[in-house]
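Quick note: residue numbers are just sequence positions, from 1. On a predicted model such as this, the values are computed, not experimentally measured, just so you know.
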Amino acid sequence: MLRLRHIVPDDATFIIDSMLEKVSLFSGLNTQQLAEIERHAVFRTYPRNTIILYEGDISDSLYVILSGRVKIYLNDESGKEVTINHQSAGEYFGELSLIDDSGRSASVITVEKSAFAIVSKPAFRRVLSENPEIAIYLLEDLAQRVRDLTGNVKNLALSDVYGRLCKLLLSLAVERDGVLVVEEHLTQQEIANRIGASREMVSRILKDLVNGGYIAVDHKHTSILKHLPQRY
C-alpha cells in the first residue's frame with residue numbers, strides 16, 4: 001500500500017461547483033459561496049490503495065471526495081482490522097480536525113482511484129467566518145454520524161455474527177428485476193472486517209446460505225434470492 005501526501009493530480013481541471021453543491025455540508029450555499037471554498041481548496045488525485053490518513057496523524061484538513069471511493073478503518077498492532085465505513089463521491093471525511101487539534105480518529109485508504117478537494121482548517125475557518133450557516137450543516141452531519149455510530153455499536157453488541165452479516169447484506173442491497181442484489185463486490189475478509197468477525201465464520205455462513213438457496217454469489221455481486229432466515 002502506498003502512503004502519499006502530495007501528488008500532482010493527473011486531471012488538471014475539476015468541475016467543482018456541481019460537486020460541492022452535492023455535499024451535504026455545503027448544500028445551503030450559493031454559487032458565489034461555493035466558488036469561495038473552491039478558491040481556498042487544494043485538489044489531489046490518488047491511485048488505488050493509497051493511505052490518505054493514518055489513525056493518530058496530526059492533520060488539519062477536510063477532504064471532500066470528488067470521485068472514487070475510500071475505506072475508513074481501524075487496526076491494531078497485530079494487523080487486525082475493523083472497517084468503519086465506505087465513502088464515495090459527494091461525501092467527506094476529516095471534519096473532526098476542523099474542530100480540535102487531536103490526532104485522526106481513523107485511517108483512510110482509497111479503494112479505487114480517487115480525487116479530492118482538500119480544505120485546511122485555517123481556510124475553512126475563514127470561509128466559516130463569512131458563512132456561519134455552514135456550522136449548522138456541520139453540526140447536523142456530525143449528529144447523524146454519531147447516531148449511525150451508536151447504531152453500529154448496538155449492532156455489534158447485541159447481534160450475533162449471522163445477524164450482523166444479514167444486516168450488512170440487506171443494507172447494501174438494491175432491487176434489480178425483483179431481486180435484491182449487492183452490487184458492491186466484497187471479499188469474505190472485507191465482510192469480516194465490516195462486521196467484526198473472523199473470515200472463517202463468514203465463509204461458513206455464506207456457504208450455508210448458498211447451499212440453502214437463500215443467496216447466490218459470483219465474482220461480481222451477491223443476489224438475495226429469498227428471505228434470509230431469522231436465526232442461523
Determine whether I205 and V210 fall in the same hydrophobic cluster, where Ile, Leu, Val, Met, Phe, Trp and Tyr are linked whenever their side-chain heavy atoms lie under 4.5 Å apart.
yes
What I'd like to find out is whether the side chain of I52 reaches to under 4.5 Å of the side chain of T50, using heavy atoms alone.
yes
Evaluation steps, side chain to side chain contact (heavy atoms under 4.5 Å, CB included), between V108 and Y63
CA-CA 11 Å; V108 181; Y63 289 74; over 6 Å; no
CA sep, side-chain torsions, deciding dist, call: E81, T83, side chain to side chain contact (heavy atoms under 4.5 Å, CB included):
CA-CA 7 Å; E81 180 181 305; T83 300; 3.9 Å; yes
Do S59 and R104 get their side chains close enough for a donor-acceptor pair, meaning under 3.5 Å?
yes
Atom SG in C166, atom CD1 in I195: separation rounded to 0.5 Å?
9.0 Å
Less than 4.5 Å apart, any side-chain heavy atom of V111 and any of V70?
no
Exercise: identify the closest heavy-atom pair between P229 and L209:
CD-CD2, 4.1 Å
Distance-only, no hydrogens or angles: does the D57 side chain make a donor-acceptor pair with backbone N or O of L53 under 3.5 Å?
no
Heavy-atom neighbours of Q230 CD exceed 12 at 6.0 Å:
no
Given the rule that I, L, V, M, F, W and Y join up when any side-chain heavy atoms are under 4.5 Å apart, are I191 and L180 in one cluster?
yes
When hydrophobic residues are tied together by side-chain contacts of less than 4.5 Å, even through go-betweens, does L168 share a cluster with V161?
yes
Closest non-hydrogen atom pair, A135 against L128
N-CD1, 3.5 Å
Rounded to the nearest 0.5 angstrom, the CG-CG distance for L96 and L142 is 6.0 Å
Side-chain atoms of residues 118-125: list all donor-acceptor pairs with protein atoms under 3.5 Å, sequence neighbours left out, distances to 0.1 Å.
| unit_1 | atom_1 | unit_2 | atom_2 | d |
| --- | --- | --- | --- | --- |
| S120 | OG | A123 | N | 3.3 |
| K121 | NZ | S97 | O | 3.1 |
| K121 | NZ | D100 | O | 3.1 |
| K121 | NZ | D101 | OD1 | 2.6 |
| R125 | NH2 | L98 | O | 3.1 |

I'd like to know if the side chain of S114 reaches the main chain of R69, judged simply by a donor and an acceptor atom lying under 3.5 Å from each other, with no hydrogens or angles considered.
yes
Check this for me: does any side-chain nitrogen of one of K71 and E190 sit under 4.0 Å from a carboxylate oxygen of the other?
no
Hphob cluster co-occupancy, L172 + V82, side-chain heavy atoms under 4.5 angstrom:
no
Could you check K80 against N75 for side chain to side chain contact (heavy atoms under 4.5 Å, CB included), going step by step and ending with a plain yes or no?
CA-CA 5 Å; K80 184 176 180 181; N75 59 5; over 6 Å; no
Those residues at least two apart in sequence (or on a different chain) that pass salt bridge (Lys or Arg N to Asp or Glu O under 4.0 Å) with R199 are none
Point-to-point distance, once rounded to the nearest 0.5 Å, from CG of L169 to CG of L206
7.0 Å
Let me confirm one number: the OG-CD distance from S105 to E95, rounded to the nearest 0.5 Å.
7.5 Å
Apply ring pair (Phe, Tyr, Trp, His ring centres under 6.0 Å) to Y162 and list each qualifying residue two or more places apart in sequence or on a separate chain.
Y232
Please identify each residue that fulfils side-chain contact (heavy atoms from CB on, under 4.5 Å) with V146, with sequence neighbours left out.
T150
Would L225 and L186 show up in the same hydrophobic cluster when neighbours are defined by side-chain heavy atoms closer than 4.5 Å?
no
Under 3.5 Å, which donor-acceptor pairs do the side chains of residues 84-94 form with other protein atoms, sequence neighbours left out?
| unit_1 | atom_1 | unit_2 | atom_2 | d |
| --- | --- | --- | --- | --- |
| H86 | ND1 | R194 | NE | 3.4 |
| H86 | ND1 | R194 | NH2 | 2.8 |
| H86 | NE2 | R194 | NH2 | 3.3 |
| Q87 | NE2 | Y92 | O | 3.1 |
| E91 | OE1 | S88 | N | 2.8 |
| Y92 | OH | D141 | OD2 | 2.6 |

What are the two closest non-hydrogen atoms of Y73 and A106, and how far apart are they?
O-CB, 3.6 Å
At what distance, to the nearest 0.5 angstrom, does CD1 of I136 lie from CG of L139?
6.0 Å
Would one find more than 12 heavy atoms of other residues, nucleotides or ligands at under 6.0 Å from atom NZ of K207?
no
Under 3.5 Å donor-acceptor, T110 side chain and K113 backbone:
no
Which donor-acceptor pairs under 3.5 Å do side chains of residues 212-223 form with protein atoms, sequence neighbours excluded?
| unit_1 | atom_1 | unit_2 | atom_2 | d |
| --- | --- | --- | --- | --- |
| D218 | OD1 | K220 | N | 2.7 |
| D218 | OD1 | H221 | N | 2.7 |

Could you give the distance from CD (Q188) to CG (N193), rounded to the nearest 0.5 Å?
12.0 Å
Where the side chain of R44 meets the backbone of F116, is there a donor-acceptor pair that is under 3.5 Å apart?
no
